[in-house]
Amino acid sequence: MTTPAARDTVESAVSSRTLVRSLAIVVAFICPALVLRVLAVQPSPILGLIAYGAAVVAASFVLAWAAEAAQIDVSGSLAVAVLAVIAVLPEYAVDLYYAYTAGHVPEYTQYAAANMTGSNRLLMGIGWPVVVLVSVLVARRANGHNTRGLDLDASSRLEIGFLMIAGVVAFVIPATGRIHIAFGLALLGWFGYYLFKLTRGDVEEPELVGTAAALGALPDRTRRITVCAMFIFAASAIVTCAKPFADNLIGAGTQLGIDRFLLVQWVAPLASEAPEFIIATIFAARGKGEAAIAMLISAKVNQWTLLIGSLPVAYMLGGGSASMHLDGRQVEEIVLTAAQTVMGVTLLLGLRFQRWAAWTLLGLFLVQFPITATEGRLVLSAAYGVIAVGALVFHRREVLATLAAPFAGRAKRHGGHPHPLPEQAHNG
């Protein structure tokens, strides 16, 4: 008969092997890019894109694992704020580089807009629907019933409210044809208030899986040192690789004869958001769909406030004026992105993500790729708008509660050990 001590020893050994294997794999992908940077080697754009892109993806995984495990120890408003900013670093490093460069190289404005709209539409058009559809499939297999949607926790109304207000206000950008520094600072203030609400919300135990769970199982002191080292290593790798990855992305588009705007719009966000998508999908596959979609809704709030708000700041720091001016194509892309955001939010007003809504978001996202003309983008934006109006009418009784939630509601954040500590388990 296996004793509890023996089981703990076996589980600890398995966790250690999982952690070492995962870190070895990501380091193997990150090191070649760091060597290229240190030796100042200039590979061809395609090879550079592969090398630096692989490093960004690998470093994003390291940050995701560390951010999840850090929830065990994080406490206090400053810690939560710092953790939130660090966790989204992969998604923003490339876009802020484009915005900063656009301050003295106007051509780069299109790339900043492309990356921002692509990351937002990818998260809502692929991330949200996939998590819901996987959750519905898992629930159907578990109970044998035809599950038609995913119920959200009541605390999700706060995030939905934040996103609804920010999504509507964002139409100021296409209306004025620019992102003004004042508007950017207002969005950053809205994000700061969102963090404040998180720190004042209810705390629940984090649910860790895979490598993050292996990190969480380490002794307290070892875990904290390891998590800090992972944060420093991953952040350094991302900052080091962001510029060459962004430049090689443009160079590869030129070399391959592919529209550089589209390449920047979809490849860079896909690379930086892959870990978040994978982790959320794993949660959904394990029957934790509510936690998975809550994670992605929060990520969307971060993108629509912190990312957009940071662009004019980076632009001004790079030598630009107080306004980041957009051309017609960029305005159309932002209209399309804002329309998708409003539609997604209105579909969630009832705190239930219906299966048909997931298929609709996914379908409209895929339909956009053959569209190359202004008329097509405007028609697609109108389709998002029509569905949003219909959902708004259907959920009209929930509108005021949702708009009031950022001011009166309570958030839910993760914190504390995800399982009893050894000494607690033995004493219990």
Side-chain angles (χ1 to χ4, degrees), residues 26 29-30 32-33 36-37 43-64 86-102 105 107-127 179 234-235 237-278 296 299-300 302-304 306-311 314-315 318 324 326 329-330 333-334 336-337 340 365 368-369:
V26 294
F29 280 101
I30 293 172
L36 289 176
R37 286 290 279 168
S44 68
I46 296 176
L47 290 178
L49 175 61
I50 294 173
Y52 291 114
V56 169
V57 173
S60 299
F61 271 106
V62 176
L63 271 186
I86 290 176
V88 299
L89 177 61
E91 300 177 26
Y92 302 163
V94 172
D95 209 6
L96 294 184
Y97 165 71
Y98 284 138
Y100 177 85
T101 306
V105 183
E107 179 188 359
Y108 272 64
T109 301
Q110 63 175 317
Y111 303 131
N115 193 264
M116 180 270 286
T117 55
S119 62
N120 272 281
R121 296 220 294 274
L122 193 66
L123 177 59
M124 186 172 274
I126 293 289
I179 308 178
I238 289 171
V239 171
T240 301
C241 296
K243 180 181 183 299
F245 173 60
D247 289 337
N248 280 289
L249 193 58
I250 296 172
T254 302
Q255 187 172 338
L256 295 172
I258 301 175
D259 188 329
R260 291 173 294 180
F261 185 96
L262 293 178
L263 205 60
V264 170
Q265 189 172 36
W266 302 118
V267 173
L270 187 61
S272 62
E273 294 185 3
E276 192 170 45
F277 287 177
I278 292 172
L296 295 187
K300 176 66 177 179
N302 292 347
Q303 282 188 351
W304 205 242
L306 179 60
L307 176 57
I308 299 179
S310 299
L311 293 183
Y315 179 75
M324 190 174 178
L326 307 172
R329 168 71 183 278
Q330 295 152 26
E333 294 287 347
I334 291 178
L336 184 56
T337 308
Q340 183 206 46
F365 175 81
Q368 71 183 316
F369 289 103

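What you see below is based on every heavy atom in this structure, not just the backbone, and it leaves out hydrogens, waters and symmetry mates. FYI, the numbering just counts along the sequence from 1.
- Residues passing the side chain to side chain donor-acceptor pair (under 3.5 Å) test with Tyr52: none are found, sequence neighbours excluded.
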Take Tyr98 and Gln110 through the test side chain to side chain contact (heavy atoms under 4.5 Å, CB included) and record every step on the way to the result. CA-CA 9 Å; Tyr98 284 138; Gln110 63 175 317; over 6 Å; no

Can you give me every donor-acceptor pair (side chain of residues 118-126, partner residue at least two apart or in another chain, under 3.5 Å) with its distance?
{"unit_1": "Ser119", "atom_1": "OG", "unit_2": "Asn115", "atom_2": "O", "d": "3.1"}
{"unit_1": "Ser119", "atom_1": "OG", "unit_2": "Met116", "atom_2": "O", "d": "3.0"}
{"unit_1": "Asn120", "atom_1": "OD1", "unit_2": "Lys300", "atom_2": "NZ", "d": "3.0"}
{"unit_1": "Asn120", "atom_1": "ND2", "unit_2": "Met116", "atom_2": "O", "d": "3.0"}
{"unit_1": "Arg121", "atom_1": "NE", "unit_2": "Gln368", "atom_2": "OE1", "d": "2.9"}
{"unit_1": "Arg121", "atom_1": "NH1", "unit_2": "Glu333", "atom_2": "O", "d": "3.3"}
{"unit_1": "Arg121", "atom_1": "NH1", "unit_2": "Glu333", "atom_2": "OE1", "d": "3.0"}
{"unit_1": "Arg121", "atom_1": "NH1", "unit_2": "Thr337", "atom_2": "OG1", "d": "2.9"}
{"unit_1": "Arg121", "atom_1": "NH2", "unit_2": "Glu333", "atom_2": "OE1", "d": "2.9"}
{"unit_1": "Arg121", "atom_1": "NH2", "unit_2": "Gln368", "atom_2": "OE1", "d": "2.8"}

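- To the nearest 0.5 Å, atom CG of residue Leu296 and atom CG of residue Asn302 are 11.0 Å apart.
- The nearest pair of heavy atoms linking Asp95 to Ala112 is OD1-O, 2.8 Å.
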Would Phe245 and Val94 count as a side chain to side chain contact (heavy atoms under 4.5 Å, CB included) if you check the C-alpha gap in whole Å, the side-chain angles of each, and the deciding distance to 0.1 Å? CA-CA 8 Å; Phe245 173 60; Val94 172; 3.6 Å; yes

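- In terms of the ring pair (Phe, Tyr, Trp, His ring centres under 6.0 Å) criterion, Tyr97 has no residue partners (sequence neighbours excluded).
- Under the rule for a side chain to side chain donor-acceptor pair (under 3.5 Å), the partners of Gln330 that lie at least two apart in sequence or sit in another chain are Asp327.
- Around atom OH of Tyr100, no more than 12 heavy atoms belonging to other residues, nucleotides or ligands sit under 6.0 Å away.
- Using cut-offs of 30° and 60° on the angle between ring planes, the pair Trp266 and Phe365 is perpendicular.
- Applying the ring pair (Phe, Tyr, Trp, His ring centres under 6.0 Å) test to Phe277 and every residue at least two apart in sequence or in another chain returns nothing.
- Within the structure, salt bridge (Lys or Arg N to Asp or Glu O under 4.0 Å) pairs that include any residue of residues 245-254 comprise Lys243-Asp247 (at least two apart or interchain).
- The salt bridge (Lys or Arg N to Asp or Glu O under 4.0 Å) contacts involving residues 265-277 comprise nothing, where partners must be two or more places apart or lie in separate chains.
- Considering only residues two or more places apart in sequence or on other chains, Thr117 meets the side chain to side chain donor-acceptor pair (under 3.5 Å) condition with Gln265.
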